[in-house]
Amino acid sequence: MLGQLLVAVLATGNALAAPAVVEKRQTSSAKCTNPRVRKAWHTLTTSEKTAYLDAELCLMNKPATLGLRGAKTKFDELTSVHILESEIAHFVGAFLPFHRLYIHAHDVSLRTLCNYTGPHPYWDETYDSPSFTTSTLFTTTPGFGGNGVGSAQCIDSGPFANYRSVLGPGYRISPDNPKCITRNINNFAATGASPETVNGCLSQDNWLSFWACAEGRPHGAGHGGVGAEMGNPVSSPGDPVFYLHHAWLDRLWAQWQDRNPEVRLKEMGGNNRPRNGFGGPPGDGGEPIVEGDGGGNVTTLGHVLHMHGVIPDATIADIMDTRGDLLCFEYD
Ligand SMILES: *[C@@H]1O[C@H](CO)[C@@H](O)[C@H](O)[C@H]1NC(C)=O
Ligand SMILES: *[C@@H]1O[C@H](CO)[C@@H](O)[C@H](O)[C@H]1NC(C)=O
Ligand SMILES: [Cu+2]
């Protein structure tokens, strides 16, 4: 069923500039006959960029409905899901699976709550490496606005300059002191997204080594390179750039899977609890629960990914194939 590969070799004069996928599979799913295509931000038209930013603003203007700790808006609720799950969603086997479903929850929210019909964009950090400071993300033409300013590091340009949230940094909730979106954009971590680094991850031959590679320097690139809120492992989705960073990391996994789909669409493993501790949310009933691995501490395809009502929970098996029934998307 996965036997038929549509091989489309990308013609390129520069191998380093194109660590991209070289083959597109047909979908193996009965329901997913026409997958949505996720595209790189820098390739979107001005009107596509504006439509995406407007849809994000729409989530920021919709009141919360799920009663998740502290959340005031639908945008906050997504951040809350990440805060609640952060302890068992990082440095664990479910790291990439959790974030795949989580970015999908963001995409579904944009489409169902805000009538968004465009592609979920990703930040092609390889394209911008080694200079994140000159990325087309951090503009107003249109874009996500620029760097933080002053000692508070608040962004003061772009569509999200006026957004305030009571969530973060970290597990903190400040009902009386909602805070701005902060950034401290820098190029120190940008080499973690270099073509050499990314190709090094893509050439790993098993899941455990691929995951370790991906969660290392490529994952650290966007978080460290945007800095401030994005540098916080718990509350980083408070900066909407998060969703483009993690879509890019998810694309890396999808590209790696596409190199050997028969094996890699089923290949899972890793520990369920972070090895060196992560610190959990304060005792307010929101502690994350590891479920679906038969009580073991090894991550399996049965592992349940919790979305706290934003979208239904799903197992890792449900999200292994982006072109499967549940997700039904692919990367360009
Ligand atoms: C989305 O479309 C529906 C149906 O046309 C409309 O009722 C609703 O107001 C729209 N929502 C937004 C946020 O634009
Ligand atoms: C649990 O996971 C840790 C970390 O991966 C591993 O070292 C340990 O052997 C596991 N314990 C059991 C009982 O499987
Ligand atoms: Cu995360």
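Numbers for residues simply follow the sequence, beginning at 1. These numbers were taken from a predicted model, which means no experiment stands behind them. Whatever order the structure lists them in is the order used to number ligands and atoms, beginning at 1.
The ring pair (Phe, Tyr, Trp, His ring centres under 6.0 Å) test with H82 is passed by exactly one of H306, H246, H90: H90.
Put simply, atom 11 (N) of ligand 1 has protein non-hydrogen atoms near it, under 4.0 Å away. By the definition of a contact as any protein heavy atom under 4.0 Å away, atom 7 (O) of ligand 1 is not in contact. Shown here, atom 4 (C) of ligand 1 is out of close reach of the protein: none of its heavy atoms lies under 4.0 Å off.
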Check the pair D107 / R36 against salt bridge (charged side-chain N to carboxylate O under 4.0 Å, His left out), numbers first and verdict last. CA-CA 11 Å; D107 188 14; R36 294 182 307 285; 3.7 Å; yes
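Taking the centre and axis of the six-membered ring of F329, the NZ or CZ atom of R38 falls inside the cone set by 45° and 6.0 Å.
Distances below 4.0 Å separate heavy atoms of N115 from the following atoms of ligand 1: 1 (C), 2 (O), 3 (C), 8 (C), 10 (C), 11 (N), 12 (C), 14 (O). The contact set between ligand 1 and L113, taken as ligand atoms under 4.0 Å from a residue heavy atom, comprises 13 (C).
Vertex the Cu ion (ligand 3), arms ending at NE2 of H82 and NE2 of H99: the angle is 110° after rounding to 10 degrees.
Of all heavy-atom pairs spanning W41 and L137, the tightest one is CD1-CD1, 3.5 Å.
For the residue pair D76 / T79, no side-chain donor-acceptor distance below 3.5 Å is found, with atom types taken as modelled.
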